[in-house]
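Comments concern the structure below.
The structure presented is a predicted model; accordingly, all values stated were derived computationally and were not measured. By convention in this document, chain letters (A, B, ...) are assigned in the order of the sequence lines, proteins followed by strands, and residues within each chain are numbered from 1.
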Number of protein chains: 2
Amino acid sequence: MINLNDCNKYKKILAEKGLKNTGYRNILLKILEESRTPLTVEEIYIKMKKQNSAVSLSTVYRSMETMWEKKLAAKTTIMNDGKARYEFNTMEHKHHLICLGCSKIVDISGCPFKDYEKNITGETGFDVRGHNLEMYGYCPACQK
Amino acid sequence: MINLNDCNKYKKILAEKGLKNTGYRNILLKILEESRTPLTVEEIYIKMKKQNSAVSLSTVYRSMETMWEKKLAAKTTIMNDGKARYEFNTMEHKHHLICLGCSKIVDISGCPFKDYEKNITGETGFDVRGHNLEMYGYCPACQK
DNA sequence: ATGCAAATGCAAACTATTCGCATTTAAAAG
DNA sequence: CTTTTAAATGCGAATAGTTTGCATTTGCAT
């Protein structure tokens, strides 16, 4: 079994979506994949800069838009701070837990909704295609 | 039983929150309460204008911020269009159903979460204080 | 190697929202 | 009812996040 390194891994992902394999996109995807929480565009931009990338902010905006269109990244607007956040799209259905104290965001897997969606369809006639759930509270550290 | 008219009704609500009873706020609360869907600030502004109100946009922004602080209105950032939306706060816990076709937003009451929140607390240690759920799909009219 | 469409940089434009400050007004106090 | 005062409002300018136009560069198919 060949163990592809990151470079080839992302190259393959990009090729499958008809996107060009650029250095910026490789760094960007790596940052996204390694992050445990959704990132704002500026956070991604800063992380790229730290890796000696001379990328411009508008390229990051454009790239994230592209990643989202091609479903390589998920986009959310949690928290009322007016900033969009992105995370690597694992295709796994997940939700977020957001700390009201320190704003930490934690992914939680598992979802109790299969049946509920059917109920809603029955009650409203909507053809439910998906949902978004965010839970707010205080993380262990902020409960002091 | 005395049947209070709208004017007195909103006057009372505002007084309870320590807010002045202005004409704009009465119109604003009436618009909010009569809307079946969350409204953007601009939508509220336009509706106020139609009712011969000479209110300025910044006043609407400030008023909605105040209504939110005083918990007279709920604020959401559903849909990735970068606009905040407000709705009259009925104090009833509810969620939204958003049509992917026509962007119509429908409120749904009822919530299947009491137990799930406890599970999350057990798994993550988070003290869960609330949540936000939006469901996406196609309304009956858009399923054609 | 060559050509073209895609990707990028840069600055300007845009959009939603906030803010400073002068003016008005609701409502408490007299 | 008048005075007083803090809250509410209007207006324009300022911000912040994001998008866009255009010239330049760069993958990658030929």
Side-chain angles (χ1 to χ4, degrees), chain A residues 7-8 10-29 31 38-49 51-70 72-73 75-86 103, chain B residues 7-8 10-29 31 38-49 51-70 72-73 75-86 103:
Chain A
C7 180
N8 284 329
Y10 297 127
K11 178 173 181 177
K12 187 159 176 271
I13 291 176
L14 291 168
E16 283 168 357
K17 298 293 183 176
L19 299 175
K20 286 186 179 174
N21 176 44
T22 70
Y24 292 158
R25 285 177 175 169
N26 277 272
I27 296 177
L28 195 157
L29 286 172
I31 287 171
L39 300 172
T40 64
V41 170
E42 195 173 12
E43 286 166 346
I44 295 168
Y45 173 69
I46 291 170
K47 282 175 186 286
M48 289 181 79
K49 285 283 187 184
Q51 301 193 21
N52 298 317
S53 168
V55 73
S56 76
L57 187 56
S58 55
T59 294
V60 184
Y61 271 105
R62 265 189 280 233
S63 293
M64 291 319 303
E65 171 79 7
T66 303
M67 296 299 162
W68 177 73
E69 283 172 358
K70 298 295 186 179
L72 291 179
K75 182 179 184 179
T76 49
T77 337
I78 41 184
M79 329 241 309
N80 284 343
D81 67 356
K83 295 176 192 169
R85 284 176 169 75
Y86 294 90
S103 297
Chain B
C7 180
N8 283 329
Y10 296 127
K11 179 174 180 176
K12 187 159 176 272
I13 289 176
L14 291 167
E16 282 168 357
K17 297 294 184 176
L19 299 175
K20 286 186 178 174
N21 176 43
T22 69
Y24 292 158
R25 284 176 176 170
N26 276 272
I27 296 177
L28 195 156
L29 285 173
I31 287 170
L39 300 172
T40 63
V41 171
E42 194 173 12
E43 285 167 346
I44 295 169
Y45 173 69
I46 290 171
K47 282 175 186 288
M48 290 180 78
K49 285 283 186 183
Q51 302 192 21
N52 298 317
S53 167
V55 73
S56 77
L57 187 56
S58 54
T59 294
V60 184
Y61 269 105
R62 265 189 281 233
S63 294
M64 292 319 303
E65 170 78 7
T66 303
M67 298 299 163
W68 177 72
E69 283 172 358
K70 299 296 186 179
L72 292 179
K75 182 179 183 180
T76 50
T77 338
I78 43 184
M79 329 238 313
N80 283 343
D81 66 357
K83 296 178 192 170
R85 284 176 169 76
Y86 294 90
S103 296

Without decimals, in angstroms, what is the distance between B/M48 CE and D/dT9 C1'? 11 Å

Identify, residue by residue, the members of residues 53-60 of chain B with a heavy atom below 4.0 Å from DNA chain C, and return them in order of residue number, or none. B/S58

Do A/K83 and A/V41 come close enough that some side-chain heavy atom pair is under 4.5 Å? no

With a 4.0 Å cutoff (strictly under), does any side-chain N or O of A/K83 reach OP1 or OP2 of D/dG17? yes

Range on DNA chain C touched by chain B, heavy atoms, distance below 4.0 Å: C/dA16 to C/dA27

Can you tell me if B/S56 and B/T59 form a side-chain donor-acceptor pair at under 3.5 Å? yes

Any donor and acceptor pair, going by atom type alone, linking the side chain of A/K17 with main-chain N or O of A/K70 inside 3.5 Å? yes

On a heavy-atom basis, which atom in B/Y45 and which in B/L57 lie closest, and how many Å separate them? CE1-N, 3.4 Å

Complement of D/dT30, any strand, by Watson-Crick or G-U distances under 3.5 angstrom: C/dA1

How many whole angstroms separate atom CZ of A/R25 from atom P of D/dT26? 15 Å

Hey, which sits more toward the 5' end of DNA chain C by its nearest nucleotide, B/A84 or B/L19? B/A84

From CG of A/N26 over to C1' of D/dT26, roughly how many Å is that when rounded to an integer? 14 Å

Correct closest heavy-atom pair for B/R25 and B/L14 would be CB-CD1, 3.9 Å

5'-most contact on DNA chain C (nearest-nucleotide basis), A/T66 vs B/V41, goes to A/T66

Starting from the C-alpha separation in whole Å, work towards a yes-or-no answer on salt bridge (charged side-chain N to carboxylate O under 4.0 Å, His left out) for B/K12 and B/E16. CA-CA 6 Å; B/K12 187 159 176 272; B/E16 282 168 357; 3.6 Å; yes

Classify the nucleic acid contact of A/S63 as base, sugar-phosphate or nothing, counting any heavy atom under 4.0 Å across all strands shown. sugar-phosphate

Could you tell me the separation between the CG atom of B/L39 and the NZ atom of B/K47, rounded to the nearest 0.5 Å? 6.0 Å

Does D/dT19 have OP1 or OP2 under 4.0 Å away from a side-chain N or O of A/Y61? no

If I take atom CD1 from residue A/I44 and atom CE from residue A/M67, how far apart are they, to the nearest 0.5 angstrom? 9.5 Å

Distance check needed: D/dC11 C1' versus B/Y24 OH, whole Å only. 13 Å

Calculate the interatomic distance between A/E43 atom CD and D/dT18 atom P; express it in whole Å. 11 Å

What nucleotide, of D/dA8, D/dT20, D/dT9, holds the atom closest to the side chain of A/R62? D/dT20

Main-chain N/O of A/K49 paired to A/S53 side chain as donor or acceptor, under 3.5 Å: no

A/Y45 OH to D/dT18 P, in whole Å, measures 14 Å

